[in-house]
Amino acid sequence: QLQLVESGGGLVQPGESLRLSCAASRFTLEHYTIGWFRQAPGKEREGVSCVSTSGRSTVYADSVKGRFTISRDNARNLVYLYMNNLKPEDTAVYSCAAAEGDRLNCLYRENDFGQWGQGTQVSVSS
C-alpha cells in the first residue's frame with residue numbers, strides 16, 4: 001500500500017511561515033490526487049488544499065486562499081504545503097492523503113482518500 005509521512009510542523013508566532021512535506025513510499029504519487037486536511041481540537045476535519053496528479057490544478061479552502069500554496073514533485077515523490085502568514089486559527093493537526101486518479105470536489109470528499117499520513121502538529125500562538 002501507498003505510505004505517506006508528513007513532516008514540518010511546529011510552533012510559530014502569528015504571521016510566520018511553515019512548509020509541510022508529504023513523503024510517499026512503496027508507490028509513486030504520480031497517479032494520485034493529494035490533499036491536505038486539518039483537524040483542530042474539538043472540530044471536524046476539514047479540507048485545506050488539493051493538487052491534481054499533474055500538479056497543474058490546485059484548489060484551496062477559502063480560509064487559506066492567498067496564504068497557502070500546494071505543490072508536488074512527482075519525481076521526488078513529495079508534496080508540499082507552503083503556509084504563509086499563519087494565524088492562530090490555523091492551529092491543527094495537518095494530514096496529507098492520497099486518492100487514486102484526479103478527483104473532483106476533493107476538499108469535500110475526504111472519503112475518496114484511501115491513504116493517510118500520521119499527521120503533523122501546527123501550532124500558531126503568540
- Task: Taking all non-hydrogen atoms of both residues into account, name the closest pair between Ala98 and Leu2 and its distance.
- Result: CB-CD2, 3.4 Å
- Between the CZ atom in Arg19 and the OG atom in Ser71, the distance rounded to the nearest 0.5 Å is 8.5 Å
- Task: Would you give the length of the straight line joining atom OH of Tyr60 to atom CZ of Phe68, rounded to the nearest 0.5 angstrom?
- Result: 10.5 Å
- Message: Any heavy-atom pair between the side chains of Asp112 and Arg103 that's under 4.5 Å?
- Response: yes
- Would Val64 and Leu107 show up in the same hydrophobic cluster when neighbours are defined by side-chain heavy atoms closer than 4.5 Å? no
- Query: Hey, does Cys50 have a side-chain heavy atom less than 4.5 Å from the side chain of Trp36?
  - Reply: no
- Query: Taking the hydrophobic residues Ile, Leu, Val, Met, Phe, Trp and Tyr, and joining any pair whose side-chain heavy atoms are under 4.5 Å apart, which ones share a cluster with Phe37?
  - Reply: Phe113, Trp116
- Backbone N or O of Glu16 within a donor-acceptor pair of the Asn85 side chain at under 3.5 Å? no
- Message: What I'd like to find out is whether the side chain of Pro88 reaches to under 4.5 Å of the side chain of Ser125, using heavy atoms alone.
- Response: no
- Task: Indicate yes or no: at least one non-hydrogen side-chain atom of Asn84 is less than 4.5 angstrom from one of Leu18.
- Result: no
- Message: Under the criterion side-chain contact (heavy atoms from CB on, under 4.5 Å), I'd like the reasoning laid out for Met83 against Leu20: C-alpha separation, chi angles, the key distance, then a yes or no.
- Response: CA-CA 8 Å; Met83 304 185 295; Leu20 305 184; 3.6 Å; yes
- Note on the structure: To the nearest 0.5 Å, atom CZ of Arg72 lies from atom SG of Cys22 at 9.5 Å
- Query: Got a donor-acceptor contact below 3.5 angstrom from the Arg45 side chain to the Ala40 backbone?
  - Reply: no
- Has the side chain of Gln115 got a donor or acceptor atom that lies under 3.5 Å from a matching backbone atom of Gln3? no
- Hey, is the main chain of Glu6 close enough, under 3.5 Å, to the side chain of Gln118 for a donor-acceptor pair? yes
- Item | Side-chain heavy atoms of Thr33 within contact of Val51, under 4.5 Å | no
- Item | Any donor-acceptor pair under 3.5 Å from Ser123 side chain to Leu11 backbone | no
- Same apolar cluster: Phe27 and Ile34, side chain cutoff 4.5 Å: yes
- Is the side chain of Tyr80 donor-acceptor paired with the backbone N or O of Thr69 at a distance under 3.5 Å, no angle test? no
- Message: Side chains of Thr28 and Asn77: any donor to acceptor distance under 3.5 Å?
- Response: no
- Message: Can you pull out every side-chain hydrogen bond (donor to acceptor under 3.5 Å, both in side chains) where at least one residue sits in residues 88-97? Sequence neighbours excluded, please.
- Response: Arg38-Asp90, Arg38-Tyr94, Arg67-Asp90
- Message: Tell me whether Val59 shares a hydrophobic cluster with Tyr32, the cluster being built from Ile, Leu, Val, Met, Phe, Trp, Tyr side chains joined at under 4.5 Å.
- Response: no
- Item | pair Leu81-Ser49: side-chain heavy atoms closer than 4.5 Å | yes
- Query: In Å, rounded to the nearest 0.5 Å, how long is the span from CG of Asp73 to CG of Leu78?
  - Reply: 6.5 Å
- Is the shortest heavy-atom distance from the side chain of Leu4 to the side chain of Leu29 under 4.5 Å? yes
- State, yes or no, whether a side-chain contact exists between Val79 and Ile70 at a heavy-atom distance under 4.5 Å. yes
